[in-house]
Amino acid sequence: MADWEIIHIKETDSTNRWLREANLKEQMTCVCADYQTAGRGCGTNKWESERGKNLTFSMLIHPKGIPATQQFDISIAISLAICEALDRYIGDLSIKWPNDIYWRNGKIAGILIEHTLQGNVIKKSIIGVGLNVNQRVFHSDAPNPVSLWQICKHETDCKQLLYDILHAFEKYLGKDNREQYLGMLYRRHGFYPYCDQDGAFMAEFVTVESDGHLLLCDDEGRERRYAFKEVCYV
């Protein structure tokens with residue numbers, strides 16, 4: 001495995017913020033917290049995680065020569081890395097666009113990525129991950145959380161799982177993984193209900209474009225193109 005600097009902290013409001021404000025050298029760094037007081041997903045979403053039971057961590061990377069127009073490649077790389085690491089324990093994994101990790105119809109991991117650009121390339125990326133590992137009960141109003149413990153009925157070594165994710169991420173970073181990503185997408189085949197600002201509709205998946213936009217085709221044959229948060233799964 002590459003020379004990651006792994007920093008363990010007991011508590012912080014957000015590992016993404018911790019890395020953003022830390023004065024770190026240009027090396028790959030991962031900060032992992034036992035507990036986040038203000039863990040969040042994309043937008044205003046909250047992330048529930050019991051103290052010491054799950055993986056809540058952020059990775060700081062400095063990609064070399066990745067254009068800003070290809071920043072979605074980093075989302076693909078971390079999504080596939082998490083799936084590969086989890087595949088040692090469970091099957092039935094998929095990626096719900098853009099980068100939620102699902103086991104069947106339950107969300108087992110969420111990812112929040114923040115890029116800093118320099119000109120037309122990515123200067124650095126902070127990749128935040130919340131992965132439900134050993135939590136047995138969820139109390140928030142999140143609709144469908146699931147943990148590795150709930151699936152396997154035994155504890156999993158969080159430290160080893162983190163190492164597995166970092167190792168897999170190195171393998172995927174900087175490569176063209178789009179076809180593998182497309183093949184793992186949640187609701188990849190068939191018509192399903194969606195909802196946008198104009199209301200509910202039925203549609204089937206067409207593709208995810210290289211910049212991360214989702215392309216659907218509704219049951220009247222019209223193509224619909226969405227950026228993240230412009231459409232939701234029903």
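Just so you know, these numbers use all the heavy atoms, side chains as well, and skip hydrogens, waters and symmetry mates.
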How long is the span from the CD1 atom in I6 to the NZ atom in K159, to the nearest 0.5 Å? 8.0 Å

Are the side chains of K124 and E114 in touch, meaning some heavy atoms are under 4.5 Å apart? no

Charged N to carboxylate O under 4.0 angstrom, R51 versus E11? yes

Between I111 and M184, is there shared hydrophobic-cluster membership here, with clusters defined by ILVMFWY side-chain heavy atoms closer than 4.5 Å? yes

Short side-chain to backbone donor-acceptor contact, T29 and Q27, under 3.5 Å: yes

Shortest non-hydrogen contact from L55 to C32? CD2-SG, 4.0 Å

For S75 versus I113, what's the shortest heavy-atom pair and its separation? CA-CD1, 3.6 Å

One should read off an interatomic distance between M59 CE and I126 CD1, to the nearest 0.5 angstrom, of 11.5 Å

What distance separates L173 CG from K64 NZ, expressed to the nearest 0.5 Å? 11.5 Å

Pairwise salt bridge (charged side-chain N to carboxylate O under 4.0 Å, His left out) hits with a residue in residues 71-94, at least two apart: E84-K171, R88-D164, D92-R104

Shortest non-hydrogen separation from A203 to F201 and the atoms involved: CB-CE1, 3.6 Å

Sequence neighbours left out, what passes ring pair (Phe, Tyr, Trp, His ring centres under 6.0 Å) with Y181? Give chain and number order. F72

Examine L185 and L215 and state if one hydrophobic cluster contains both, with Ile, Leu, Val, Met, Phe, Trp and Tyr joined whenever side-chain heavy atoms are less than 4.5 Å apart. no

Between the main-chain N or O of I122 and the side-chain N or O of Q71, is there a donor-acceptor pair closer than 3.5 Å? no

Who passes ring pair (Phe, Tyr, Trp, His ring centres under 6.0 Å) against Y102, sequence neighbours left out? Y186

Is there a path of hydrophobic side-chain contacts, each under 4.5 Å between heavy atoms of I/L/V/M/F/W/Y residues, joining Y89 to W149? no

Do N134 and S147 come close enough that some side-chain heavy atom pair is under 4.5 Å? no

Between I95 and L80, is any pair of side-chain heavy atoms under 4.5 Å apart? yes

Check whether any side-chain heavy atom of I61 lies under 4.5 Å from a side-chain heavy atom of I74, and answer yes or no. yes

In terms of hydrophobic clustering (I, L, V, M, F, W, Y; side-chain heavy atoms under 4.5 Å; direct or indirect links), are V129 and I7 co-clustered? no

I need the I78 CD1 to Y172 OH distance, nearest 0.5 Å. 11.0 Å

Is there a side-chain contact between N132 and K107, using heavy atoms and a 4.5 Å cut-off? no

Got W97 and Y233 here, is their nearest side-chain heavy-atom distance under 4.5 Å? yes

Would a hydrophobic clustering, with Ile, Leu, Val, Met, Phe, Trp and Tyr connected at side-chain separations under 4.5 Å, put L216 with L182? yes

Taking S14's backbone N and O only, do any of them form a donor-acceptor pair with N16's side chain (distance below 3.5 Å, no angle check)? no

Spell out, as yes or no, whether a donor-acceptor pair under 3.5 Å connects the side chain of Q150 to the backbone of R136. yes

Measure the CZ-CD distance between R224 and E230 for me, rounded to the nearest 0.5 Å. 12.5 Å

To the nearest 0.5 Å, atom CH2 of W103 lies from atom CG of N144 at 12.0 Å

Give me the atom names and distance for the closest heavy-atom approach of F138 to Q135. CD2-NE2, 3.4 Å

Specify the closest pair of heavy atoms between F205 and R187, including all atoms of both residues, with the distance to one decimal. CB-O, 3.9 Å

Looking at L131, I82, V133, which one forms a side chain to side chain contact (heavy atoms under 4.5 Å, CB included) with I108? L131

NZ/K153: more than 12 non-hydrogen atoms of other groups inside 6.0 Å: yes

Which pair of non-hydrogen atoms, one from H115 and one from S125, has the smallest distance, and what is that distance? ND1-OG, 2.7 Å

